[in-house]
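Scope of the values below: all heavy atoms of this structure, side chains included, with no hydrogens, waters or symmetry mates.
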Amino acid sequence: MTKAAPDLSAAQSRIQAIYSPELLETASQTLSELLTNHARTLQLETTNVLNWAHPADNFKAALQQLNQAPMNDAGERDITQTVDAFRQLAQTMLDKGHNLQNPRYIGHQVPASLPLAGLFEAIVSVTNQVMAVYEMGPWATAVELALIESLGREIGYAPGTFAGLVTHGGSLANLTGLLAARNLKCPDLWSQGPQAKLDAVPVILVSSDAHYSVTRSAGILGIGADNIIKVPLDERRKMNPAALQQLIFSCQAENKTIIAVVACACATPIGAFDPLNDIADLCEQHDLWLHVDAAHGGPTCFSERHKHLTAGLHRADSVVFDAHKMMFMPALCAFLFYKNKAHQFSAFQQQAAYLFDPSAPEIAEYDIGLRTIECTKRANCYALWGIWSLFGKSLFSDLVDITFTTARTFYNLLQQASDFEPVHEPECNIVVFRYQAEWLNALSREQQNLFHFKLRRQLIESGEFYIVHSVINEQAAFRITVMNPLTTEVHLNQLLNTIRHRASELQKTFDAPPLVDHCEQT
Ligand SMILES: *Cc1c(COP(=O)(O)O)cnc(C)c1O
């Protein structure tokens, strides 16, 4: 007998206790109670939006917990004891988190996700549904393909002609779509890397307001971040097609290979939608790959009132579309579509003998891992499939219609107020605005900018509202995105009053050194 045997059997019985269905039953009842209470308080709006703590303090607290003796280290793990400790930890997570479902969260483009979507997600996590090849996640694959088929048709792609995939976020979807485009234009780069002989310098023509993940993609793909050419915008911050045409001509004259043209629907700074049909005309004329980043605005295609904003989306060779923005989903569930289904295999060439089975080649169509950066991939479509099946797709047009209208209402409030100014007329649910009291206007631009940054910081740390800042034409501003359909005019009026109140407090102590800051939006 080895010495380890008795220890191992003790370990086995400890482990067995943790897998016990009775423990799961009691813990999930506890969790259900905690989540319900949490949701109730959020709707009563008595809680802070952000539970602010200094990052170093939060880090210390989290580390301290790990370094303490386990909360339930009894030799025989007792269910009641374990569930008590589980309750405490779960409550800590709820208490320390960010309350995105509070209607006064109007900050980043992250939704007040549907609690029921989270429950479907729990099935994924509790039973660990993953995918790479079909047999690893048969239902996960089926659900994903069904959503690609249905969403692709909403975009306007012809049935049977397009393909898509789901990935962990819009940034990865941008990278994947641009990789497919790069491989088509520079086929040797994949295998030969820097030794590949390129006929010309590769470039990407990109809306000046495109998301930073596009520039990062150029760096990652060996195209070079400096070979991003920014296409000028018009006065509404939409890509200017005449400027695009000029740039296409000059690239041709300078013998540059245009890997892709990247347009936005919408861009994040003020939510401007590029004129996709005009851009698609140019791309067709010059045989260029059109990639449309519709991570935020894609779901306008569900809305009769707003689908004109994405007219022409179906002409794009690749489209990025986040369900974890304007489709109620918790992070992450991002789609990448290819107009031509043959392109779905352009991004990657790989061999992994143990994954892909030559005895069943027709099943490879269903092996999602052939198309994604991820190998093991979380089954991240259960929630969307569940919610769409439960409530139908009109739910998504409701979200677009309600939030866009609320943003418009906010714009009207800003226009009526003498001490606020909207920076633009909103096309969607993003609104950028400035505080414009007379005393503030008398200060330098640096001081006005610093004032906006300081005020926002105080506001979010107070937990009253969560909004973000932005810098448009070198002027700092506040930026809201109405993601929650339960956010109303009442909240937005409160926001303005809260800013006014905080501004008059801040005015008393305001003394501004110069400042440099800039922030990318999510
Ligand atoms: C949010 C967003 C992204 C990034 O997507 P993630 O899912 O956050 O990685 C890219 N482009 C646009 C236009 C976005 O709104």
Starting at [atom1] of [X], measure out to [atom2] of [Y] and round the result to the nearest 0.5 Å.
{"X": "R434", "Y": "I499", "atom1": "CZ", "atom2": "CD1", "value": "12.0 Å"}
{"X": "Q129", "Y": "I123", "atom1": "CD", "atom2": "CD1", "value": "9.5 Å"}
{"X": "N58", "Y": "L63", "atom1": "CG", "atom2": "CG", "value": "12.0 Å"}
{"X": "M93", "Y": "Q88", "atom1": "CE", "atom2": "CD", "value": "12.0 Å"}
{"X": "M483", "Y": "I430", "atom1": "CE", "atom2": "CD1", "value": "8.5 Å"}
{"X": "Q507", "Y": "L455", "atom1": "CD", "atom2": "CG", "value": "11.5 Å"}

Mark yes or no for whether [X], through its side chain, and [Y], through its backbone, hold a donor-acceptor pair below 3.5 Å.
{"X": "D367", "Y": "L370", "answer": "no"}
{"X": "D419", "Y": "Q436", "answer": "no"}
{"X": "H424", "Y": "V432", "answer": "yes"}
{"X": "H54", "Y": "A56", "answer": "yes"}
{"X": "S32", "Y": "S28", "answer": "no"}
{"X": "S504", "Y": "H501", "answer": "yes"}
{"X": "S303", "Y": "D401", "answer": "no"}
{"X": "H469", "Y": "A477", "answer": "no"}
{"X": "E374", "Y": "H168", "answer": "yes"}
{"X": "N449", "Y": "A476", "answer": "yes"}

Side-chain heavy-atom pair [X], [Y] within 4.5 angstrom cut-off:
{"X": "P426", "Y": "Y411", "value": "yes"}
{"X": "M131", "Y": "V143", "value": "no"}
{"X": "V468", "Y": "I106", "value": "no"}
{"X": "R378", "Y": "E121", "value": "yes"}
{"X": "M326", "Y": "T403", "value": "yes"}
{"X": "R479", "Y": "V431", "value": "no"}
{"X": "L165", "Y": "T167", "value": "yes"}
{"X": "R502", "Y": "L459", "value": "yes"}

Fill in: Summary of salt bridge (charged side-chain N to carboxylate O under 4.0 Å, His left out) pairs that have at least one residue in residues 19-39, sequence neighbours excluded
E33-R87
Practice prompt. In sequence, state the C-alpha distance, the side-chain angles, and the governing distance for T481 and N429, and then conclude on side-chain hydrogen bond (donor to acceptor under 3.5 Å, both in side chains).
Written response: CA-CA 5 Å; T481 309; N429 52 343; over 6 Å; no
Worksheet entry | Worked verdict on L147 versus V166 for side chain to side chain contact (heavy atoms under 4.5 Å, CB included) | CA-CA 9 Å; L147 285 167; V166 171; over 6 Å; no
Between [X] and [Y], what is the shortest heavy-atom contact and its length?
{"X": "L100", "Y": "A112", "answer": "O-CB, 3.6 Å"}
{"X": "F321", "Y": "P299", "answer": "CZ-N, 3.5 Å"}
{"X": "A383", "Y": "F120", "answer": "CA-CB, 3.7 Å"}
{"X": "S113", "Y": "M329", "answer": "CB-C, 3.9 Å"}
{"X": "A347", "Y": "Y338", "answer": "CB-OH, 4.1 Å"}
{"X": "A27", "Y": "V83", "answer": "N-CG2, 4.0 Å"}

Worksheet item: Just by distance, with hydrogens left out, do T406 and T487 show a side-chain donor and acceptor under 3.5 Å apart?
Response: no
Counting neighbours of [atom1] on [X] that are heavy atoms of other residues, nucleotides or ligands and sit closer than 6.0 Å, is the number greater than 12?
{"X": "Y134", "atom1": "OH", "result": "no"}
{"X": "M71", "atom1": "CE", "result": "yes"}
{"X": "Q16", "atom1": "CD", "result": "no"}

Discussion item. Once you measure the plane-to-plane angle for F478 and F433, does it fall in the parallel (<30°), tilted (30-60°) or perpendicular (>60°) bin?
Written reply: tilted
Item to complete: Could you please spell out the steps behind the side chain to side chain contact (heavy atoms under 4.5 Å, CB included) verdict for T82 and T26?
Response: CA-CA 10 Å; T82 306; T26 318; over 6 Å; no
Discussion item. Under the criterion salt bridge (Lys or Arg N to Asp or Glu O under 4.0 Å), I'd like the reasoning laid out for E144 against K377: C-alpha separation, chi angles, the key distance, then a yes or no.
Written reply: CA-CA 12 Å; E144 176 169 320; K377 186 177 86 175; 2.8 Å; yes
Fill in: Salt-bridge criterion met for E154 and K307 (N-O under 4.0 Å)
no
Item to complete: Not counting sequence neighbours, list each pair that qualifies as a ring-ring contact (aromatic ring centres under 6.0 Å, His included) and has a residue in residues 82-106.
Response: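 Sorted pair list: H98-Y105, H98-Y466, Y105-Y466.
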Worksheet item: So, for F396 and W388, is the gap between ring centers shorter than 6.0 Å?
Response: yes
Practice prompt. Could you go through the side-chain hydrogen bond (donor to acceptor under 3.5 Å, both in side chains) check for N174 and H291 one step at a time?
Written response: CA-CA 8 Å; N174 273 329; H291 176 83; 2.7 Å; yes
Discussion item. Let's go through I373 and F348 carefully: what are the C-alpha distance in whole Å and the side-chain angles of both, what is the deciding distance for side chain to side chain contact (heavy atoms under 4.5 Å, CB included) to 0.1 Å, and is it a yes or a no?
Written reply: CA-CA 8 Å; I373 291 179; F348 303 104; 3.4 Å; yes
Worksheet entry | Candidate pair R104 and Q494, rule side-chain hydrogen bond (donor to acceptor under 3.5 Å, both in side chains), full reasoning | CA-CA 9 Å; R104 288 174 284 123; Q494 276 173 7; 4.8 Å; no
Practice prompt. Give the intermediate values and the outcome of side chain to side chain contact (heavy atoms under 4.5 Å, CB included) for residues R457 and W52.
Written response: CA-CA 10 Å; R457 179 133 295 283; W52 173 258; 3.6 Å; yes
Worksheet item: Which residue pairs pass the side-chain hydrogen bond (donor to acceptor under 3.5 Å, both in side chains) test when at least one of the two sits in residues 38-48, sequence neighbours left out?
Response: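 Those involving residues 38-48 are H38-N99, E45-H491.
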